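Some notes on the structure that comes next.
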Amino acid sequence: AAAKRKHDGPAARPKKRAKRAPSAPEPDAKAVPDGAGSGEYSIPPPVSQGKWKNKERVLIFSSRGINFRTRHLMQDLRTLMPHSKADTKMDRKDQLFVINEVCEMKNCNKCIFFEAKKKQDLYMWLSNTPQGPSAKFLVQNVHTLAELKMTGNCLRGSRPLLSFDPTFDKEPHYALLKELFIQIFSTPQYHPKSQPFVDHVFTFTVTDERIWFRNYQIIEEDASLVEIGPRFVLNLIKIFQGSFGGPTLYENPHYRSPNMHRRLIRLSVAAKFREKQQVKEVQKIKKKGSKVLIEEDPTEVVFETPAEEKPVEIQLVKPESKPIVKDKKKPRKIQRKKQKKLFRTEA
């Protein structure tokens with residue numbers, strides 16, 4: 001029998017029948033193709049069929065001493081970037097190199113760190129950890145989502161477009177910043193927390209030697225833009241080769257520190273006050289100065305006629321009082337007034 005099987009070839013196996021849906025379907029039941037019978041069921045495929053390859057993770061946190069506006073801005077960036085992670089505030093005494101270890105513990109390869117100084121100055125670090133490069137900015141004109149109350153809106157977790165000014169391609173330090181912005185702010189494709197839609201755009205514009213950040217909604221009907229927020233301005237200070245330190249690649253010659261700016265304002269106010277005081281002193285000196293004496297003119301006395309001197313008399317008796325003469329016209333005036341009042345009341 002065994003020899004017959006060898007000559008005849010392998011026996012044909014019977015085809016498997018498709019499983020029917022049981023009366024009470026189990027949650028672990030396997031999906032069946034749609035071509036099966038009417039009693040069969042299938043599980044719908046996921047929304048994004050691709051594979052998550054770009055594993056960019058951004059750590060967004062700050063140092064202690066930030067104000068409420070910075071805290072709201074940090075929270076807005078976390079909501080706009082689904083590939084971001086949060087961490088507790090860092091102590092001021094710790095050095096910035098510690099952030100590389102924090103990113104490694106959080107499994108993040110990019111970092112946005114907000115550093116507060118004097119409870120009024122805000123600095124932002126953008127870094128590629130742990131190799132670098134990194135850039136330090138002064139953050140100005142911060143307006144958060146809750147503060148702006150713009151009409152624009154976008155889906156939470158949707159992927160943004162990134163729009164850059166043409167100057168980012170002209171100068172080398174701006175080209176480096178452009179690549180850093182792309183890697184940090186762009187949401188990776190097929191990220192588990194992201195939505196497969198593109199309905200807003202991040203714009204980076206260079207004006208007045210500063211980078212202006214804006215977030216706009218793309219309206220489907222006519223592709224017009226409506227601002228959502230937040231908005232802030234980045235004033236570049238330095239670009240470092242390493243992460244949070246290292247050799248300086250670029251230093252902004254147009255940058256002026258906030259302390260220097262406040263000092264110049266105080267000096268201008270003091271100069272104005274000093275100028276007013278000097279004007280007052282000059283006026284006092286002019287008033288106290290000796291007046292110029294004009295020589296007497298001999299012809300001034302020609303037309304003066306002296307008055308006659310009357311003898312001085314001392315009156316010892318009280319003068320007689322004049323008789324009081326009554327005005328005869330007064331009673332007539334009073335009677336006329338009374339008649340006019342009576343006439344008005346009768347009318």
Side-chain angles (χ1 to χ4, degrees), residues 58-100 102-103 106 108 110-127 129 134-150 152-154 156 160 177 180-181 184-185 200 202-205 207-216 227-238 240 243-245 252 254-266 268-269:
V58 184
L59 181 65
I60 302 175
F61 72 118
S62 69
S63 65
R64 296 196 180 277
I66 60 171
N67 54 9
F68 69 97
R69 185 175 277 110
T70 309
R71 190 176 67 252
H72 282 278
L73 174 65
M74 196 165 52
Q75 193 61 37
D76 293 343
L77 289 177
R78 285 173 186 163
T79 54
L80 289 172
M81 300 163 65
H83 61 293
S84 64
K85 288 188 177 182
D87 195 24
T88 55
K89 295 179 183 177
M90 198 181 77
D91 197 0
R92 291 182 186 175
K93 296 178 182 178
D94 295 339
Q95 293 184 352
L96 295 176
F97 294 105
V98 182
I99 301 174
N100 296 325
V102 176
C103 291
K106 288 281 184 179
C108 296
K110 298 288 184 296
C111 180
I112 299 177
F113 178 67
F114 291 95
E115 186 181 6
K117 289 184 179 180
K118 295 187 176 182
K119 295 186 178 180
Q120 54 184 342
D121 302 330
L122 179 64
Y123 298 91
M124 179 195 282
W125 284 85
L126 300 179
S127 176
T129 56
S134 59
K136 186 180 180 182
F137 301 92
L138 174 68
V139 186
Q140 299 172 323
N141 301 340
V142 177
H143 298 283
T144 58
L145 274 169
E147 184 183 357
L148 287 174
K149 294 181 181 177
M150 294 288 186
N153 195 6
C154 66
R156 187 188 181 99
L177 290 177
L180 198 61
F181 287 144
I184 289 176
F185 287 96
H200 63 289
F202 293 159
T203 62
F204 297 90
T205 312
T207 308
D208 194 21
E209 304 296 336
R210 290 169 175 81
I211 300 170
W212 301 64
F213 175 86
R214 296 288 185 270
N215 179 22
Y216 295 99
E227 188 170 358
I228 304 171
R231 55 161 70 169
F232 52 88
V233 179
L234 299 176
N235 191 359
L236 179 63
I237 303 173
K238 282 184 181 181
F240 300 96
S243 177
F244 295 98
N252 187 8
H254 305 284
Y255 171 72
R256 183 186 291 167
S257 66
N259 292 332
M260 181 63 68
H261 182 66
R262 287 190 287 267
R263 181 173 173 272
L264 291 174
I265 290 173
R266 287 196 300 269
S268 64
V269 173

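Note that this is a predicted model, so its numbers are computed, not measured.
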Quick one: CD on Q75 to CD1 on I60, what's the gap to the nearest 0.5 Å? 9.5 Å
Point-to-point distance, once rounded to the nearest 0.5 Å, from CZ of F137 to CH2 of W125: 10.5 Å
Any idea which heavy atoms bring D121 and P258 closest together, and the distance? OD1-CB, 3.6 Å
Residues, nucleotides or ligands: over 12 heavy atoms within 6.0 Å of Q95 CD: no
S62 pairs by side-chain contact (heavy atoms from CB on, under 4.5 Å) with which of M124, M74, E115? M74
With the side chain counted from C-beta on, respond yes when M150 and I228 share a heavy-atom pair under 4.5 Å apart, and no when they do not. no
Reported CZ-to-CG distance for the pair R210 and L236, which is rounded to 0.5 angstrom: 11.0 Å
Would C111 and I99 satisfy side chain to side chain contact (heavy atoms under 4.5 Å, CB included), going step by step from the backbone distance to the final call? CA-CA 8 Å; C111 180; I99 301 174; 3.7 Å; yes
May I ask you to decide if T207's main-chain N or O and W212's side chain share a donor-acceptor pair within less than 3.5 Å? yes
For a 4.5 angstrom cut-off between non-hydrogen side-chain atoms, does L126 reach F181? yes
Whether the side chain of H83 engages the backbone of I184 through a donor-acceptor N/O pair (distance < 3.5 Å, no angle test) should be reported. yes
Sequence neighbours excluded, every pair satisfying salt bridge (Lys or Arg N to Asp or Glu O under 4.0 Å) that has a member inside residues 58-78: R69-E147
Would you call I66 and K89 a side-chain contact if the rule is heavy atoms closer than 4.5 Å? yes
dist T203:OG1 -> I211:CD1 (nearest 0.5 Å) comes out at 12.0 Å
For F202 and F213, take the angle between the two ring planes, folded into 0 to 90°, and tell me which bin it lands in: parallel under 30, tilted 30 to 60, perpendicular over 60. tilted
Close side-chain approach of V58 and I112, heavy atoms under 4.5 Å: yes
Is K136 close enough and on-axis enough to Y123, meaning under 6.0 Å and within 45°, for cation-pi? yes
Heavy-atom distance under 4.5 Å between the side chains of M90 and L96, does that happen here? yes
Looking just at side-chain N and O atoms, do S243 and T129 make a donor-acceptor pair shorter than 3.5 Å? no
Please name the residue in the list V233, L122, N235 that meets the side-chain contact (heavy atoms from CB on, under 4.5 Å) test with L138. N235
Taking side chain as C-beta onward, heavy atoms only, is R262 less than 4.5 Å from N259? yes
Worked check of side chain to side chain contact (heavy atoms under 4.5 Å, CB included) between H72 and L145: CA-CA 8 Å; H72 282 278; L145 274 169; over 6 Å; no
Between K93 and D91, does at least one N-O distance fall below 4.0 Å, as a salt bridge requires? no
Heavy-atom count around R256 CZ within 6.0 Å, excluding the residue itself: above 12? no
Residue pair H200 / N215, side-chain heavy-atom distance below 4.5 Å: yes
Has K106 got a side-chain atom pairing as donor or acceptor with D87's backbone, closer than 3.5 angstrom? no
Is any side-chain heavy atom of L73 less than 4.5 Å from a side-chain heavy atom of T144? yes
Over 60° means perpendicular and under 30° means parallel, so tell me whether F244 and F113 are parallel, tilted or perpendicular. perpendicular
Under the rule for salt bridge (charged side-chain N to carboxylate O under 4.0 Å, His left out), what residues qualify as partners of D94, not counting sequence neighbours? none
Roughly how far, to the nearest 0.5 Å, is CZ of R231 from CG of L148? 5.5 Å
Expected output: side-chain S63 to main-chain A116 donor-acceptor under 3.5 Å: yes
